[in-house]
Amino acid sequence: MLGFVLFLVLSCNAAEDKAIPLVINTWKFTEATERAWEVLSASSNALNALVAGCSRCEELQCDGTVGPGSPDESGETTLDALIMDGENMNIGAVANLREIKNAIGVAKHVLLQTEHSLLSGSQATDFAVSMGFQKESLSTNQSKKMWENWRNSNCQPNFWRNVKPNPKSECGPYSPIKRNDINSCDKRMKYNFNNNNHDTIGMIVIDSHSHIYAGTSTNGAKFKIPGRVGDSPIPGAGAYAENGIGAAAATGDGDVMMRFLPSFTAVENLRNGMQPREAAKNAIDRILKYYPDFTGAVIVARYTGEFSAACAGMKKFPFSVRRNKQTNVQVIEIDCELSN
Ligand code: ASP
């Protein structure tokens with residue numbers, strides 16, 4: 001596989017290029033890009049291409065952060081996924097999906113078989129079973145071990161605050177501390193965000209007629225509080241698409257990102273005339289204004305095929321691209337410190 005991957009470090013402007021069809025996704029998830037491209041080339045069906053690409057990442061458990069094998073506080077893995085059709089603004093999404101491996105496949109059924117946009121939790125599982133999916137455990141030997149290690153290190157890190165016992169040194173169960181004891185200046189914990197505890201495949205597919213689909217799939221944040229839903233299944237946060245304008249998809253600290261709808265913002269920025277790089281950077285900068293320690297990234301593509309990305313909280317952010325007239329997947333790295 002790696003033999004087919006071209007690796008590039010480009011300046012932001014050089015990363016902009018024209019050409020559709022286009023498949024672009026977050027991180028070095030090149031097998032997902034390749035899979036989506038194969039389906040797009042064979043069928044010209046951008047929806048099937050997006051589902052095939054993200055499903056590939058779920059099967060591969062890309063970075064351990066897509067698909068099965070990432071424990072929450074109770075040891076269970078739950079999944080978030082989203083698909084948005086840029087032609088009619090239809091959405092299919094699942095959040096906190098339990099016991100079903102192919103979250104993006106279930107999102108496709110929400111898109112096509114229902115008038116709803118987002119199903120969650122055990123009832124999303126029931127829906128998936130009724131659509132023919134198999135119920136199975138999403139735990140793996142590795143996730144069981146991770147969870148045991150986490151318990152043995154006093155449940156660190158975790159996502160609690162203003163509770164007793166002290167969540168920085170002890171496991172729960174927790175209860176709220178008195179109102180007067182709450183420190184409102186308390187800064188958001190700097191979650192040690194890296195490829196092993198966080199990531200999402202966010203993918204944009206544009207077919208040769210400029211029909212755009214955008215989507216995401218992730219298991220969210222390791223050791224999340226059960227019930228937590230990240231940004232990935234939230235339209236405008238995890239991904240957004242509109243034919244004739246463009247699309248965006250995000251990865252990073254989703255609890256913060258969903259407060260700013262960065263994918264929606266980036267697409268609005270394209271609509272208002274910004275270039276993809278500027279559109280992405282503005283979406284990230286709006287978050288940094290309030291959360292200077294934020295870690296995350298947004299990929300952006302115009303409907304004509306120019307694309308770029310912006311990132312924060314890491315040195316470089318890699319994303320994967322396959323487009324017209326290109327014989328292989330490219331990995332492009334954006335330098336997060338570039339100002340333009
Ligand atoms: N955005 C995802 C979440 O917070 C994780 C990630 O992309 O790193 O659920």
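Just so you know, ligand 1 is whichever comes first in the structure, and atom 1 is the first atom listed for that ligand. The structure displayed is predicted, hence computed values, not measured ones.
Residue Asp231 has at least one heavy-atom neighbour below 4.0 Å for each of these atoms of ligand 1: 1 (N), 2 (C), 3 (C), 4 (O), 9 (O). Ligand-side atoms of ligand 1 in range of Gly252: 1 (N), 2 (C), 3 (C), 4 (O), 5 (C), 6 (C), 7 (O), 8 (O), range being under 4.0 angstrom from any heavy atom. Close contacts of ligand 1 with Thr200, meaning ligand atoms under 4.0 Å from a residue heavy atom, involve 1 (N), 2 (C), 5 (C), 6 (C), 7 (O). Under a 4.0 Å criterion applied to the non-hydrogen atoms of Thr251, ligand 1 contributes the atoms 6 (C), 7 (O), 8 (O). Taking every heavy atom of Asp199 and a limit of under 4.0 angstrom, the matching atoms of ligand 1 come to 5 (C), 6 (C), 7 (O), 8 (O). Within the listing of ligand 1, atoms 9 (O) sit less than 4.0 angstrom from a heavy atom of Gly220.
Taking the charged nitrogens against the carboxylate oxygens, Glu58 and Lys101 have no contact shorter than 4.0 Å, which rules out a salt bridge. Note on Arg98 versus Glu76: salt bridge recorded, some NZ/NE/NH1/NH2 to OD/OE distance being below 4.0 Å. The pair Glu59-Arg56 counts as a salt bridge, with a side-chain nitrogen and a carboxylate oxygen less than 4.0 angstrom apart. No salt bridge links Asp72 with Lys222; every basic N to acidic carboxylate O contact stays at or beyond 4.0 Å. Salt-bridge formation is detected for the pair Arg35/Glu38: a Lys NZ or Arg NE/NH1/NH2 atom is positioned less than 4.0 Å from an Asp or Glu carboxylate oxygen.
By the criterion of a heavy-atom distance under 4.0 Å, the side chain of Ser232, and not its backbone, is placed next to ligand 1.
Residue Phe127 qualifies as enclosed at atom CZ: its count of foreign heavy atoms under 6.0 Å is above 12.
Among the atoms of Thr218, none of the N or O lies under 3.5 angstrom from an N or O of ligand 1. Checking only distances, Gly254 does come within under 3.5 Å of ligand 1, N or O to N or O.
For Tyr303 and His211, the gap between ring centers reaches or exceeds 6.0 Å.
Heavy atoms of Lys224 stay at 4.0 angstrom or farther from ligand 1.
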